[in-house]
Structure formats: structure tokens, C-alpha cells
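Presented below is the structure to which this report refers.
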Amino acid sequence: MGDKRSRSFYVLAAFFAAYVLFLYGPMIAIYILSFQGPDGGLTFPMNGVSLVWFSKVFAGAGIVDIGAAFKRSLKLGLVVMILTVVLSVSAGMAFRKSFRGATFLFYVAIASLILSSKAAPKAGRRQWGFSPQALVRTLPGPCRLAF
């Protein structure tokens, strides 16, 4: 119980805390700033505290109907949840016993997880004409020499 932790534990804990802060910090700042008064914007310090922005969002005033979008999102989430549970439980039950083609099916499932992260950027380049070279061309002259 009285074991001392090594220095690397604290270094890694600090790194993890910084990661979580950078990941969730902007979202938390927006949540806090959403309670600004009617004269406020997305800046600190806050100009009063009110729920005026929430009333404008849920009043349906504007282009987007938040209520309908929220209902569609809930329906979509429910369908995805049901399909995921049914397919994953079925796959788990199938792999309990060995069957013909199990190894191939396993590798196809793993490949689909890996290749989706490789195929999405390629599809983006094809769809929108994005390329890493185009990104480098946006850099200032001295930075461009590094690439």
C-alpha cells in the first residue's frame, strides 16, 4: 500500500492531464460561454449570465430546426446502437467455435477497421482536390523550404 511511484508515472500523468485539457478544454469553454448575456459573444470576460441563447436556439428562429434535428439524431443513434449490438453479439457468438473461413473473416474485420482511416483521406483528396502539396503551398516561404 505504501509503494512509492516512479518519476515516470508523474510525467505520464501530467502528459495525460495536458492531453485531456487540450481535448476537452475548448468544448468546456464554449459550454461556459453559452451562458453569456444578450450582449455577450464567444469571448471572456462574460457579459452577464442568462439563458437567452438557449431560448433562441430552441425557439426554432433561424434556418435550422434544432428540435427536428435532435429527434433525427436520436432515431439514428438508436438504429446504430441496435445494429451494432446485434452484429457484434452475432459475430462474438460465431467465433466461439471454429468454422470454415473464420480466419479470413477475422482478418477482413480487422482490415476494415484499419483501412477506413487510410481510405477516408484519399476520398477527401479525390472529392475536394486536397493534397498535402497544396497544404505546403499555403505556408510562408521559409517554412516551405523544409518540405
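- Residues V79 and L87 fall into different hydrophobic clusters, defined by Ile, Leu, Val, Met, Phe, Trp and Tyr side chains chained together at heavy-atom separations under 4.5 Å.
- M81 and V86 fall within the same hydrophobic cluster, defined by Ile, Leu, Val, Met, Phe, Trp and Tyr side-chain heavy atoms under 4.5 Å apart, directly or through other members.
- Judged by a 6.0 Å distance limit and a 45° cone about the ring axis, R5 is positioned over the six-membered ring of F9.
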Side-chain donor-acceptor distances from residues 18-38 under 3.5 Å, at least two apart:
unit_1	atom_1	unit_2	atom_2	d
S34	OG	Y31	O	2.6
Q36	OE1	N47	N	2.7
Q36	NE2	G41	O	2.7
Q36	NE2	T43	O	2.8

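- Under the 4.5 Å side-chain heavy-atom criterion for Ile, Leu, Val, Met, Phe, Trp and Tyr, Y107 and L105 are members of the same hydrophobic cluster.
- A continuous path of Ile, Leu, Val, Met, Phe, Trp and Tyr side chains, each step under 4.5 Å between heavy atoms, connects L51 with V49, placing both in one hydrophobic cluster.
- Residues passing the side chain to side chain donor-acceptor pair (under 3.5 Å) test with S8, sequence neighbours excluded: S6.
- Here the side chains of V11 and F15 are not in contact, with every heavy-atom distance at 4.5 Å or above.
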